[in-house]
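Note that this is a predicted model, so its numbers are computed, not measured.
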Amino acid sequence: QVQLVESRGGLVQAGGSLRLSCAASGSTFSINAMGWYRQAPGKQRELVARITSGGSTNYVDSVKGRFTLSRDNAKNTVYLQMNSLKPEDTAVYYCNADVTLIGLPGSYDFWGQGTQVTVSS
């Protein structure tokens, strides 16, 4: 009932920048929290950045000071600005949204299909 449309990732040299976007659409819903996870080959999926409806943000330590998560509430869209990229940032990045669906109890978790970000040395 909720689709997450992610922008394409890309290939960037170390030290470069890239911006990812994720837009939530579908039937009537409200967003409780939204953010980005990533998964490198052979690694566990980890939270990169997350923002709640109240505006609270959380970043994994390895990206603090380099990545910035922002939102456009009117468009149900979040943006992940990634600066000073490192080869260690190479991963598939997944958008995630925790939403409340109108007419249904509780909250639900939705995921984007993932987009590849590759940082070369």
Over all atoms of both residues, closest heavy-atom pair of Arg38 and Ser62:
NH2-OG, 3.3 Å

Write down the atom of Thr52, the atom of Arg50, and the distance for their closest heavy-atom approach.
CG2-NH1, 3.7 Å

Sequence neighbours left out, what pairs pass disulfide (SG to SG under 2.5 Å) with at least one residue falling in residues 65-121?
Cys22-Cys95

Side chains of Trp36 and Met82, heavy atoms from C-beta outward: is any pair under 4.5 Å?
no

Quick one: does Gln39's side chain have a donor or acceptor within less than 3.5 Å of a partner on Val92's backbone?
no

Check the side chains of Ser25 and Asn76 for a donor-acceptor pair under 3.5 angstrom, ignoring hydrogens and angles.
no

Do Tyr108 and Val2 come within less than 4.5 Å of each other through their side chains, counting heavy atoms only?
no

In short, Gln81 meets Ser17 closest at the heavy-atom pair NE2-CB, 4.0 Å

Over 12 foreign heavy atoms within 6.0 Å of CD, Gln1
no

Could you state the interatomic distance from OG (Ser107) to CG (Leu101), rounded to the nearest 0.5 Å?
9.0 Å

Here the gap from Asn73 atom CG to Met34 atom CE, rounded to the nearest 0.5 Å, amounts to 10.0 Å

Give me the atom names and distance for the closest heavy-atom approach of Phe29 to Ile102.
N-CG1, 4.2 Å

Hydrophobic cluster membership, with links at side-chain heavy-atom distances under 4.5 Å among I/L/V/M/F/W/Y: are Phe67 and Leu18 in one?
yes

Euclidean distance, Thr77 OG1 relative to Leu4 CG, rounded to 0.5 Å
10.0 Å

Please evaluate residues Leu47 and Val60 with respect to the criterion side-chain contact (heavy atoms from CB on, under 4.5 Å), reporting the C-alpha separation (whole Å), side-chain torsions for both, the decisive distance (0.1 Å), and the verdict.
CA-CA 6 Å; Leu47 173 69; Val60 67; 5.9 Å; no

What distance do Thr100 atom OG1 and Ile31 atom CD1 have between them, rounded to the nearest 0.5 Å?
10.0 Å

Which heavy atom in Leu80 sits nearest to a heavy atom in Ala49, and how many Å separate them?
CD1-CB, 4.1 Å

For Gln113 against Tyr94, the heavy-atom pair lying closest together
O-CE2, 3.5 Å

Determine yes or no for a side-chain-to-main-chain donor-acceptor pair under 3.5 angstrom, with Asn96 supplying the side chain and Phe110 the backbone.
yes

Check whether any side-chain N or O of Arg71 sits under 3.5 Å from a backbone N or O of Ser53 as a donor-acceptor pair, and report yes or no.
yes

Could you tell me whether a side-chain N or O of Thr90 sits under 3.5 Å from a main-chain N or O of Val119, the two making a donor and an acceptor?
yes

Could Asp89 and Lys86 be called an ion pair, given the rule that one side-chain N must be under 4.0 Å from one carboxylate O?
no

Would you check if the side chain of Ser7 reaches a backbone N or O of Ser21 as a donor-acceptor pair within less than 3.5 Å?
yes

Same cluster (ILVMFWY, side-chain, under 4.5 Å), Val117 and Tyr79:
no

